[in-house]
Amino acid sequence: MFSLPAAAAILAAYLIGSLSFAVLVSRSMGLADPRSYGSGNPGATNVLRSGNKKAALMTLLFDALKGYVPVLLVVLFGARWGLDATVAAFVGLAAFVGHLWPVFFRFQGGKGVATAAGVLLGLNPLLGVATLATWLLVAAFFRYSSLASLAAAAFAPFYQALIWGVDPSLLAVAGMSLLLVWRHEGNIRKLLAGTESRIGHKAAAAKGPAPHPQPHHPHHKSGHGRKGHRK
């Protein structure tokens, strides 16, 4: 059973994780809602498809920070409240779950790659670096963000278990990995079918809200069909 301070920390982390920065950054920069184009995923990779690299970088940074900061706060200041490494791990998991199912955005969230990376960096910087290195290597060779994310998710629990041993944080790491793979189910099907978009692919009509369609009046294109014509 978690103590009251632990439960409060976990709830606060979930609420922080529920801030969908892909949507917030896009709104602040006058871009289309990332849920309306490309993969429809409110994450940095899909924001990049808008063609705005600054927006994508900001989304990536803030999504990572919302996983990193709650964990780091527990690691640095949690001892006085009886919050140990196990609580820190579940605080990270709560922030990750908040990104997947954000209460502020009708529980329609992203896939959690950047947030998971932030959580791992907060829990164990070396584990976070090893997992990020795995992502970068796969992404550099194959140019598929989804494939890189799946590889990183698969290796993270093994890195934790084989290098740092089995401890309560392994449950949180494994839980995030399983959820991340599950959220990429559609991407897995596209990868197998050869239809997955590569990194940097620009989505059509992603720079702003779609204009309202104009009414179609075929009889106005020519003089045919009119009852009369005044000179």
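Although no hydrogens or angles enter the test, the distance criterion places no donor-acceptor pair under 3.5 Å between the side chain of Thr115 and the main chain of Gly112. Judged purely by atom type and a 3.5 angstrom limit, Asn46 has no side-chain atom pairing as donor or acceptor with the backbone of Arg49. Without hydrogens or angle criteria, Arg27 side chain to Asp33 main chain gives no donor-acceptor distance under 3.5 Å. Checking side-chain atoms of Arg35 against main-chain N and O of Asn41 turns up no donor-acceptor pair under 3.5 Å. The backbone N or O of Gly17 sits less than 3.5 Å from a side-chain atom of Lys66, completing a donor-acceptor pair. With Thr134 contributing its side chain and Ala130 its backbone, the two residues share a donor-acceptor pair below 3.5 Å. Using a distance-only test at 3.5 Å, with no hydrogens or angles considered, no donor-acceptor pair links the side chain of Asp63 to the main chain of Gly43.
Taking each heavy atom of Ser145 and Thr45 in turn, the nearest pair found is OG-OG1, 3.2 Å. Across all their heavy atoms, Ser177 and Ala156 have their closest contact at OG-CB, 4.2 Å. Across every non-hydrogen atom of Val71 and Ala88, the tightest pair is CG2-O, 3.8 Å. Pairing each heavy atom of Val47 with each of Ser26, the nearest pair is CG2-OG, 4.2 Å. When all heavy atoms are compared, the tightest approach of Leu93 to Gly175 is CD1-C, 4.5 Å. The heavy-atom pair separating Leu127 from Leu120 by the smallest distance is CD2-CD2, 3.9 Å.
Atom CZ of Phe158 has 12 or fewer neighbouring heavy atoms from other residues, nucleotides or ligands inside a 6.0 Å radius. Environment of CH2 in Trp164: crowded, with over 12 heavy atoms of neighbouring residues, nucleotides or ligands closer than 6.0 Å. Heavy atoms from other residues, nucleotides or ligands lying under 6.0 Å from CZ of Phe105 number more than 12. Counted within 6.0 Å of CZ on Phe90, heavy atoms from surrounding residues, nucleotides or ligands total more than 12; the atom is thus considered enclosed.
Using a 4.5 Å heavy-atom cutoff, the side chains of Arg189 and Glu196 are not in contact. Within the 4.5 Å cutoff, side-chain heavy atoms of Tyr14 are placed close to those of Val103. Counting only heavy atoms from C-beta outward, the side chains of Ser20 and Phe104 never approach each other to under 4.5 Å.
Distance check: His99 NE2 to Ile16 CD1 gives 14.5 Å after rounding to the nearest 0.5 Å. The line from CG of Leu100 to CE of Met176 is 11.0 Å long, rounded to the nearest 0.5 Å. In this structure, CD on Gln108 lies 13.0 Å from CH2 on Trp101, to the nearest 0.5 angstrom. Taken from OG in Ser3 to CG in Leu83, the straight-line distance is 6.0 Å, to the nearest 0.5 Å. Within the model, atoms CZ of Arg183 and CG of Leu178 stand 14.0 Å from one another, a figure rounded to the nearest 0.5 Å. Taking CD1 from Ile163 and CG from Leu126, the interatomic distance works out to 8.5 Å, rounded to the nearest 0.5 Å.
Hydrophobic clustering (side-chain heavy atoms under 4.5 Å, transitive across Ile, Leu, Val, Met, Phe, Trp, Tyr) keeps Phe155 apart from Phe141. Under a hydrophobic-cluster definition in which Ile, Leu, Val, Met, Phe, Trp and Tyr are linked whenever side-chain heavy atoms come within less than 4.5 Å, directly or via other members, Val75 and Phe77 are assigned to the same cluster. Hydrophobic cluster membership is shared by Val97 and Val87, with clusters built from Ile, Leu, Val, Met, Phe, Trp and Tyr side chains linked at under 4.5 angstrom. With hydrophobic clusters built from ILVMFWY side chains whose heavy atoms lie under 4.5 angstrom apart, Leu57 does not share a cluster with Met29. By the criterion of side-chain heavy atoms lying less than 4.5 angstrom apart, applied directly or through intervening Ile, Leu, Val, Met, Phe, Trp or Tyr residues, Leu24 is grouped together with Tyr68 in one hydrophobic cluster.
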**Request:** Evaluate the criterion side-chain contact (heavy atoms from CB on, under 4.5 Å) for residue pair Leu60 and Phe21; output intermediate values, then yes/no.
**Result:** CA-CA 8 Å; Leu60 179 67; Phe21 285 107; over 6 Å; no

**Request:** Evaluate the side-chain contact (heavy atoms from CB on, under 4.5 Å) criterion for residues Tyr37 and Ser50: first the C-alpha distance (whole Å), next the side-chain angles of each, then the deciding distance (0.1 Å), finally the verdict.
**Result:** CA-CA 8 Å; Tyr37 62 83; Ser50 72; 3.4 Å; yes

**Evaluation steps, side-chain contact (heavy atoms from CB on, under 4.5 Å), between Leu121 and Leu132** = CA-CA 9 Å; Leu121 286 168; Leu132 283 172; 4.0 Å; yes

**Prompt:** Which is it for Met58 and Phe62 under the side-chain contact (heavy atoms from CB on, under 4.5 Å) test, yes or no, and what are the steps along the way?
**Reply:** CA-CA 6 Å; Met58 289 177 63; Phe62 285 122; 4.1 Å; yes

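Of the candidates Leu179, Val91, Val113, Leu179 is the only one forming a side-chain contact (heavy atoms from CB on, under 4.5 Å) with Phe96.
The closest side-chain donor-acceptor pair between Lys111 and His184, if any, does not fall under 3.5 angstrom. A donor and an acceptor atom, one from each side chain of Tyr144 and Ser197, are nowhere located under 3.5 Å apart. Asp167 and Ser169 are linked by a side-chain donor-acceptor pair at a separation below 3.5 angstrom, with hydrogens and angles left out of the test.
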